[in-house]
Amino acid sequence: MKIIVAIGFILIIASLGSALFFLMKDKGTSNRTVHALAFRVGFSIALFILLLTAYRLGYIQPTGIGLR
């Protein structure tokens with residue numbers, strides 16, 4: 001599960017980086033920046049839903065300060 005979450009974060013960061021690249025290269029003349037940012041939002045939502053589903057199915061357990 002940790003690998004899947006790490007891949008999700010890498011996809012989010014890569015999409016954000018590509019949006020920055022397209023923003024600097026295209027100077028606002030194309031929609032590639034918008035598409036890259038839309039993919040970033042989609043990856044973020046998918047990762048959030050994956051984490052919620054994994055918690056509900058018992059694949060991950062909450063840990064941290066609040067559980068002591």
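The chain is numbered in sequence order, starting from 1.
The cluster map of Ile, Leu, Val, Met, Phe, Trp and Tyr, joined by side-chain heavy atoms under 4.5 Å apart, puts L11 and F9 in the same cluster. Connection of I4 to F43 is established within a shared hydrophobic cluster, with ILVMFWY side chains joined at heavy-atom distances below 4.5 Å, either directly or through further cluster members. Tracing side-chain contacts under 4.5 Å through hydrophobic residues (I, L, V, M, F, W, Y), one never reaches V5 starting from V41; they form parts of separate clusters. Cluster annotation: M1 is connected to L47 through the hydrophobic network of ILVMFWY side chains, with a link wherever side-chain heavy atoms come within less than 4.5 Å. Hydrophobic clustering (side-chain heavy atoms under 4.5 Å, transitive across Ile, Leu, Val, Met, Phe, Trp, Tyr) groups L51 together with I7.
A donor-acceptor pair under 3.5 Å is formed between the side chain of S44 and the backbone N or O of R40. With hydrogens and angles disregarded, no donor-acceptor distance shorter than 3.5 Å links the side chain of S15 to the backbone of I12.
Scored by the side chain to side chain donor-acceptor pair (under 3.5 Å) test, N31 finds no partners at all (sequence neighbours excluded).
By the 4.5 Å heavy-atom criterion applied to side chains, Y55 and P62 are counted as neighbours. The closest side-chain heavy-atom distance from L16 to L37 is below 4.5 Å.
Summarising the local packing, CD1 of I3 is surrounded by 12 or fewer heavy atoms from other residues, nucleotides or ligands at distances under 6.0 Å. For M24, the CE atom counts as loosely surrounded, since its 6.0 Å shell holds 12 or fewer non-hydrogen atoms of other residues, nucleotides or ligands.
If you take CZ on F21 and CG on D26, they are separated by 8.0 Å, rounding to the nearest 0.5 Å.
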